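Quantities reported herein were computed from a predicted structural model and do not represent experimental measurements. The figures that follow rest on heavy atoms only: side chains count, while hydrogens, waters and symmetry mates do not.
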Amino acid sequence: QVHVVESGGGLVQAGGSLRLSCAASGRTFSRYAMGWFRQAPGKERESVAGISWSGGSTYYADSVKGRLTISRDNAKNTVYLQMNSLKPEDTAVYYCAAGPTTTSGTNLLRPGSYNYWGQGTQVTVSS
């Protein structure tokens with residue numbers, strides 16, 4: 001099992017940047033695919049980005065391509081989401097999730113691919 005905790009959320013003006021972190025427990029972090037998802041008030045949870053266990057493959061939702069970047073540091077058991085050029089529509093609770101090593105391709109963007117979820121961190125972008 002793996003336990004994940006998100007941090008780094010906050011209030012930022014449109015056009016600004018934030019970096020979210022997701023710290024994972026356990027020595028087998030490097031075996032897990034990782035994903036970021038978000039949920040805005042009154043909306044369903046949606047995918048943001050996913051990264052394979054090795055970091056060699058990354059996938060992004062169309063709405064964030066070119067602005068958000070997912071990365072991981074397996075030595076630090078941490079996955080990151082660098083968010084640039086933020087927009088008010090990026091306002092949401094952002095969740096980190098861990099899934100099986102075999103998760104790949106577009107499955108990295110499917111919530112159902114992931115077994116372990118954090119509690120989320122709030123990101124608010126003001127206009």
Side-chain angles (χ1 to χ4, degrees):
Q1 284 192 345
V2 64
H3 180 63
V4 297
V5 179
E6 305 93 338
S7 62
L11 174 64
V12 64
Q13 289 188 333
S17 297
L18 280 176
R19 188 175 80 157
L20 305 184
S21 297
C22 173
S25 65
R27 293 175 293 177
T28 59
F29 171 77
S30 63
R31 299 180 186 177
Y32 289 90
M34 301 296 295
W36 284 98
F37 298 81
R38 67 186 182 187
Q39 188 167 17
K43 295 187 177 181
E44 294 187 353
R45 187 171 298 188
E46 63 176 0
S47 61
V48 175
I51 188 167
S52 62
W53 67 272
S54 67
S57 296
T58 56
Y59 282 78
Y60 297 91
D62 289 341
S63 59
V64 306
K65 283 181 181 177
R67 300 188 299 116
L68 276 58
T69 302
I70 188 171
S71 62
R72 67 188 298 160
D73 186 338
N74 286 345
K76 295 182 178 180
N77 282 13
T78 302
V79 63
Y80 304 98
L81 186 68
Q82 178 65 44
M83 303 190 295
N84 299 328
S85 302
L86 283 163
K87 304 175 181 179
E89 50 264 43
D90 293 318
T91 295
V93 177
Y94 283 71
Y95 298 91
C96 175
T101 306
T102 52
T103 306
S104 63
T106 56
N107 285 330
L108 289 166
L109 295 178
R110 291 182 60 247
S113 298
Y114 295 89
N115 309 104
Y116 306 103
W117 293 79
Q119 293 300 306
T121 185
Q122 176 71 48
V123 172
T124 303
V125 184
S126 63
S127 57

Pair up each side-chain donor or acceptor in residues 119-127 with any protein partner under 3.5 Å, not counting sequence neighbours, and list the distances.
from: Thr121; atom 1: OG1; to: Gly9; atom 2: N; distance (Å): 3.2
from: Gln122; atom 1: NE2; to: Ala92; atom 2: O; distance (Å): 3.4
from: Gln122; atom 1: NE2; to: Thr124; atom 2: OG1; distance (Å): 3.3

Original post:
Does anything in residues 8-19 pair up under side-chain hydrogen bond (donor to acceptor under 3.5 Å, both in side chains), and if so which pairs, sequence neighbours excluded?
Top reply: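 Every side-chain hydrogen bond (donor to acceptor under 3.5 Å, both in side chains) pair that includes a residue of residues 8-19, provided the two are not neighbours, is Ser17-Asn84.
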Subject >> Criterion side-chain contact (heavy atoms from CB on, under 4.5 Å) on Glu6 and Tyr94, from CA distance to verdict >> reply: CA-CA 8 Å; Glu6 305 93 338; Tyr94 283 71; over 6 Å; no
Is [Y] reachable from [X] through a run of hydrophobic residues whose side-chain heavy atoms are each under 4.5 Å from the next?
X      : Y     : answer
Leu108 : Trp36 : no
Leu18  : Val64 : yes
Val79  : Val2  : yes
Leu86  : Val48 : yes
Tyr114 : Leu20 : no

Quick check for you: to the nearest 0.5 Å, what is the distance between [X] atom [atom1] and [Y] atom [atom2]?
X     : Y      : atom1 : atom2 : value
Gln1  : Tyr116 : CD    : OH    : 4.5 Å
Thr78 : Phe29  : OG1   : CZ    : 6.5 Å
Asn77 : His3   : CG    : NE2   : 13.0 Å
Asp73 : Ser30  : CG    : OG    : 11.0 Å
Arg72 : Leu81  : CZ    : CG    : 13.5 Å
Arg31 : Thr101 : CZ    : OG1   : 7.5 Å

Original post:
Taking the six-membered ring for Trp, are Phe37 and Trp117 parallel (under 30°), tilted (30 to 60°) or perpendicular (over 60°)?
Top reply: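 Correct class here is tilted.
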**OP:** Could you check Tyr60 against Thr69 for side-chain contact (heavy atoms from CB on, under 4.5 Å), going step by step and ending with a plain yes or no?
**Re:** CA-CA 8 Å; Tyr60 297 91; Thr69 302; 3.7 Å; yes
Subject >> Residues forming a side chain to side chain contact (heavy atoms under 4.5 Å, CB included) with Leu109, sequence neighbours excluded >> reply: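 Here the qualifying residues are Ser47, Tyr59.
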Please report the shortest heavy-atom distance between [X] and [Y], naming the atom on each side.
X     : Y     : value
Ala98 : Tyr32 : CB-CD2, 4.0 Å
Val4  : Ala24 : CG1-CB, 4.0 Å
Asp90 : Ser85 : OD2-O, 4.5 Å

Subject >> Beyond-backbone contact of Ser104 with Ser52, side-chain heavy atoms, under 4.5 angstrom >> reply: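 Answer no - side chains too far apart.
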Original post:
What do the steps show when you test Arg38 against Ser63 for side-chain contact (heavy atoms from CB on, under 4.5 Å), and what is the final call?
Top reply: CA-CA 12 Å; Arg38 67 186 182 187; Ser63 59; 3.6 Å; yes
